[in-house]
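A quick write-up on the structure given underneath.
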Amino acid sequence: MNEKTKNHIEEFNFLKNCFRSNFPHSWIFYGSEGVGKYQFTINFIKEINKGINLHQCLFEINNTEISASINDIRDLINKTTLTNSYNGKLKTFILIHSLDLLNINATNALLKMIEEPPDNTIIIILACNLKVIPKTITSRCLKLKLKVNNSENFNKL
């Protein structure tokens with residue numbers, strides 16, 4: 001794990017414990033810019049799907065400055081459904097960057113996916129500011145705040 005993920009040992013252990021029971025399918029990981037949300041998420045996905053190539057279980061949208069369209073969201077739903085049909089034990093993760101870049105139609109399609117996710121799919125939205133995410137989405141997701149921690153937690157992992 002890198003230093004930023006090691007800063008979030010409590011959050012990481014909390015997620016692992018949640019995963020052992022009834023893990024919710026929609027999350028928002030939020031915190032200030034540069035706190036390590038992306039690397040934390042990647043490390044968590046690797047931990048959950050040990051031995052699986054990350055590209056087999058991770059679909060990302062809005063990870064560039066190009067905003068995803070409603071067709072991109074629909075395509076994502078189809079890909080995750082197909083992926084889950086091949087291996088029911090594999091957890092498929094959808095990682096959404098910069099939700100505020102989505103237009104209203106894409107946001108509504110995403111809302112539908114959050115309400116009725118494909119089997120074995122976990123949706124994670126990365127955000128710096130919860131206020132830019134529509135309340136219809138935040139109300140349907142569990143939120144995990146990643147804070148800037150000090151270096152004393154580095155060696156606990």
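Any value given below was found using the heavy atoms of this structure, including those in side chains, with hydrogens, waters and symmetry copies removed. Please read these numbers as outputs of a predicted model, since none were measured by experiment.
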(message) Glu10 vs Asn13, test: side chain to side chain contact (heavy atoms under 4.5 Å, CB included). Steps then yes/no.
(response) CA-CA 5 Å; Glu10 290 176 20; Asn13 288 334; over 6 Å; no

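- The main-chain N or O of Thr107 is never found under 3.5 Å from a side-chain atom of Lys112 such that the two would form a donor-acceptor pair.
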(request) Please test Phe29 against Ile125 for side chain to side chain contact (heavy atoms under 4.5 Å, CB included), starting from the C-alpha separation and ending with a verdict. (result) CA-CA 6 Å; Phe29 294 171; Ile125 298 168; over 6 Å; no

(message) side chain to side chain contact (heavy atoms under 4.5 Å, CB included) for Ile124 and Ile94? Distances and angles first, verdict last.
(response) CA-CA 6 Å; Ile124 300 173; Ile94 297 171; over 6 Å; no

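- At a cut-off of 3.5 Å, with distance as the only test, a side-chain donor of Asn43 or Gln39 sits close to an acceptor on the other residue.
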(request) Check the pair Thr92 / Gln56 against side chain to side chain contact (heavy atoms under 4.5 Å, CB included), numbers first and verdict last. (result) CA-CA 8 Å; Thr92 303; Gln56 290 177 284; over 6 Å; no

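- Here the closest non-hydrogen pair linking Lys37 and Cys128 is NZ-SG, 3.7 Å.
- Side chain of Asp72 to backbone of Ser69: a donor-acceptor contact under 3.5 angstrom is found.
- Leu99 contributes atom CG, which lies 7.5 Å from atom CD1 of Ile28 (distance to the nearest 0.5 angstrom).
- Residues Tyr38 and Ile122 fall within the same hydrophobic cluster, defined by Ile, Leu, Val, Met, Phe, Trp and Tyr side chains chained together at heavy-atom separations under 4.5 Å.
- Across Leu58 and Glu60, no two heavy atoms sit closer than the pair CD2-OE2, 3.7 Å.
- Side-chain atoms of Asn103 come within 3.5 Å of backbone N or O of Ala106 as a donor-acceptor pair.
- Ile77 approaches Ala109 most closely through the heavy-atom pair CD1-O, 4.4 Å.
- A donor-acceptor distance shorter than 3.5 angstrom exists from the side chain of His8 to the backbone of Val35, with no hydrogens or angles considered.
- Summarising the local packing, NZ of Lys143 is surrounded by more than 12 heavy atoms from other residues, nucleotides or ligands at distances under 6.0 Å.
- Leu111 and Ile70 sit in two unconnected hydrophobic clusters of ILVMFWY residues. Membership requires side-chain heavy atoms under 4.5 Å apart, directly or through other members.
- Residues Met113 and Leu76 form a side-chain contact, since some pair of their non-hydrogen atoms from C-beta on lies under 4.5 Å apart.
- No side-chain donor-acceptor contact under 3.5 Å links Thr121 to the backbone of Pro117.
- Separating the CZ atom in Phe44 from the CH2 atom in Trp27 is a distance of 7.5 Å, to the nearest 0.5 Å.
- Using a 4.5 Å heavy-atom threshold, the side chains of Phe40 and Leu144 count as touching.
- Across Asn62 and Ala68, no two heavy atoms sit closer than the pair OD1-N, 2.7 Å.
- There is a path of hydrophobic side-chain contacts, each under 4.5 Å, that joins Ile61 to Phe59.
- Shortest non-hydrogen contact noted between Lys147 and Glu11 is N-OE2, 4.1 Å.
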